[in-house]
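Below: one structure, written as structure tokens.
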Amino acid sequence: MSRRISAVKANLKSKTTKAGWVLPRPEASFADPGAWTNIDCDVTPIERRTWSAWTMFGYWFSDALNAQSWMAPASIIAIGLTWREAVVCIIFGSLVCTVPLVLNGMVGARLHIPFPIAMRASFGWHFSKFAIVTRAITALFWHAIQTYTGSTAMTQMIRAIWPSYLNIPNHIPDGVGITTQGMISHLIFWTIQFPILLIPPHKLKWFFVAKCVLVVVASVATVITMTTKAGGSGDIWNLPYSVHGSARSWLILSSLSSITGGWATMATNIPDFTRYLKTDKGVYFQVAFLPGIQLMLGFFGIICCSASKVVYGKYIWDPLEIASHWDGPAGRAGAFFVGLSWVVAQIGTNLSANVISCANDICCLFPKYINIRRGVILSTITAAWIMQPWKIIHSAQSLLAFMAGLGIFLAPIAALLSADYWVVQRTKYDVPGLYRAHGRYRYNKAGTNWRAVVAFLVSVCPNLPGMAASVNPSITPKIGDANKIYFMFYFWGYTSAFVVYTLLSHFFPAPETHISATIYDDGDIISGEEKADSDVPEKGIEAKVSPV
């Protein structure tokens, strides 16, 4: 015990200097001599490739089973469409999103590299940092919002045990945007979530499976409870259209695009997770996983919302608000388990979509000092406390619209990764070259692939007027029909960037980046000659025939 205490004291003392934060450099790194990387930026070692297709199934349950998916039909029906259009938008919006999920997921599954490293191939050594920072900022905002949403679920758990919890006197000024009781719930939720976030990603597969079981059981139980109370599923199935003609068509397209855009972050950085797959077969199943899970939870939301109109006299889309009406011993017990399931759901969503992704981005920007564990700590403290998510939700609806609009920046990033790997480079990457500042993917002295810059601007610029109008509706008359492109921002953003980048790379190629076969290791290159698989020395990753 005394030795352990002494070691802890020595470790803490070392952290008082900058040198004490330097991470050990792995021997298998491909980085340039004198440069730095760490194991979380490096190619995933074989012992960490523990995920299977079933793990991906659990992963998508973990990511898709959240309050946003439950309430997805709400925004669609609220703007004047019916449940039929809501179902169509959920199915096809999710299917559209599976295209970049599969294309980009293969990069991680085959090469076992994280998203920030993969982006260097298309963006260039330095310009890739723009994509990394954009993704990290998006993750921080959504981690903040999802964490605060989890605290509302925690409130339901606590009030189910102690109803007087809701009556705690408030000593926080109204301008802050949160009450004393809300702050306590936020602190409790964050304290529970924090140690779970520190679990290494390759060890999280059982958490995803546990979340699947808990959330599905609680969701089914909520549906049964509400339909029993209402004596049926209610009348939402018979609601008429409130919009017609071309306006209805544009609303359908806008709703479909918003469903797709909701997964823009995951479609961009999915290599951060598929890098842990044993084989690439688990990537293809995403085509069925995501739409199926989204549709299931969407129907749960529609049925419970319809029943709530009968039981409580108003449509309620939030499952936690529904549970807040449950009183008495049985009702409070039900509210506790619903709250518990959504606490787990929000933690799982933060794990799969936000905090690990942000940590990957940070550790690839500062590999000498930050690994995934330290990145997680920085991300969750920044998002939950420094960014003050209660203010984001309480006083900045325009900021939320802006955050939703960040999909216009993520769509071309996802498209350029897909186009470069599958069409331009024909699935042949020089993995060691991705880790070298002056390797084949530097492109020029500025470390920027100008083709990616042009494709990015072509994708983003036409969407900016519509994004501005979504943040400030008063300018809508000034931009006219320019906001129509924003109604299909992900379709335009992804497709235009993909096509423009492919054409520019075809007519103005970068020959130094084209190789005849994938290079997995330095051992694959031997005097510029072909080397058989059995003759290539192993370094903890697969070696294959890779002449250059």
* Asked: Is there a side chain to side chain contact (heavy atoms under 4.5 Å, CB included) between Asn269 and Asn360 once you walk through the steps?
  -> CA-CA 10 Å; Asn269 70 282; Asn360 265 303; over 6 Å; no

* Please list all pairs passing the salt bridge (charged side-chain N to carboxylate O under 4.0 Å, His left out) test where one or both residues lie in residues 278-290, with sequence neighbours left out. =>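 Output for this query lists Arg110-Asp280.
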
Quick one: does [X]'s side chain get under 4.5 Å of [Y]'s, heavy atoms only?
X: Asn449; Y: Val453; result: no
X: Phe273; Y: Met266; result: yes
X: Cys41; Y: Cys363; result: yes
X: Trp21; Y: Lys368; result: no
X: Arg48; Y: Ile39; result: yes
X: Pro465; Y: Tyr486; result: no
X: Asp42; Y: Tyr435; result: yes
X: Phe141; Y: Met387; result: yes

Under 3.5 Å, is there a donor-acceptor pair between the [X] and [Y] side chains?
X: Asp430; Y: Tyr441; value: no
X: His143; Y: Thr380; value: yes
X: Thr44; Y: Arg275; value: yes
X: Tyr429; Y: Asp420; value: yes

List the residues meeting side chain to side chain donor-acceptor pair (under 3.5 Å) with [X], not counting sequence neighbours, and say none if there are none.
X: Arg442; result: none
X: Tyr421; result: none
X: His514; result: Gln425
X: Ser52; result: Thr55

Once you round to the nearest 0.5 Å, how far does [atom1] of [X] lie from [atom2] of [Y]?
X: Thr279; Y: Leu277; atom1: OG1; atom2: CG; value: 6.5 Å
X: Leu111; Y: Leu434; atom1: CG; atom2: CG; value: 8.0 Å
X: Leu140; Y: Ile145; atom1: CG; atom2: CD1; value: 11.0 Å
X: Trp263; Y: Thr265; atom1: CH2; atom2: OG1; value: 8.0 Å
X: Tyr490; Y: Ser257; atom1: OH; atom2: OG; value: 9.5 Å
X: Lys445; Y: His126; atom1: NZ; atom2: NE2; value: 13.0 Å

Any chance [atom1] of [X] has more than 12 other-residue heavy atoms, nucleotides or ligands included, within less than 6.0 Å?
X: Arg436; atom1: CZ; answer: yes
X: Phe491; atom1: CZ; answer: yes
X: Trp190; atom1: CH2; answer: yes

* Asked: Please walk me through it: do Phe115 and Ile413 pass side chain to side chain contact (heavy atoms under 4.5 Å, CB included)?
  -> CA-CA 11 Å; Phe115 157 75; Ile413 293 174; 4.1 Å; yes

* Is there a side chain to side chain contact (heavy atoms under 4.5 Å, CB included) between Leu365 and Lys129 once you walk through the steps? -> CA-CA 7 Å; Leu365 289 172; Lys129 295 175 183 177; 4.0 Å; yes

Just to verify, what does [X] make a side chain to side chain contact (heavy atoms under 4.5 Å, CB included) with, not counting sequence neighbours?
X: Ile377; value: Phe194, Leu198, Ile381
X: Ala446; value: Asn444, Thr448
X: Ser151; value: Tyr148, Ser185, His186, Phe189
X: Leu504; value: Trp450, Arg451, Val454, Val500, Phe508

List, one per line, each side-chain donor-acceptor pair under 3.5 Å for residues 91-103, sequence neighbours excluded.
from: Ser94; atom 1: OG; to: Ile90; atom 2: O; distance (Å): 2.7
from: Thr98; atom 1: OG1; to: Leu95; atom 2: O; distance (Å): 2.4

Which pair of non-hydrogen atoms, one from [X] and one from [Y], has the smallest distance, and what is that distance?
X: Tyr501; Y: Ala419; result: CD2-CB, 3.9 Å
X: Pro389; Y: Ala384; result: CD-O, 3.4 Å
X: Pro462; Y: Leu457; result: CD-O, 4.1 Å
X: Asn104; Y: Ser418; result: OD1-OG, 2.6 Å
X: Gly105; Y: Thr274; result: O-OG1, 2.8 Å
X: Pro412; Y: Ile408; result: CD-O, 3.0 Å

Ignoring hydrogens and angles, tell me if any N or O in the side chain of [X] forms a donor-acceptor pair with the backbone of [Y] under 3.5 Å.
X: Thr513; Y: Ala510; answer: yes
X: Ser255; Y: Leu251; answer: yes
X: Arg120; Y: Trp125; answer: no
X: Gln388; Y: Trp385; answer: no
X: Arg135; Y: Leu410; answer: no
X: Thr268; Y: Ala264; answer: yes

* **Pair Asp40 + Arg374, salt bridge at N-O below 4.0 Å** => no

* To do: Using the test ring pair (Phe, Tyr, Trp, His ring centres under 6.0 Å), find all partners of Phe130 that sit at least two apart in sequence or belong to another chain.
  => Phe127, Phe456

* Given side chain to side chain contact (heavy atoms under 4.5 Å, CB included), test Asp521 with Val431 step by step and report yes or no. => CA-CA 7 Å; Asp521 202 342; Val431 175; over 6 Å; no

* Residues Tyr494, Ser459; criterion side chain to side chain donor-acceptor pair (under 3.5 Å); working and verdict -> CA-CA 7 Å; Tyr494 187 88; Ser459 171; over 6 Å; no

* Step by step, work out the side chain to side chain donor-acceptor pair (under 3.5 Å) result for Asn350 and Thr147. => CA-CA 7 Å; Asn350 273 331; Thr147 297; 3.2 Å; yes

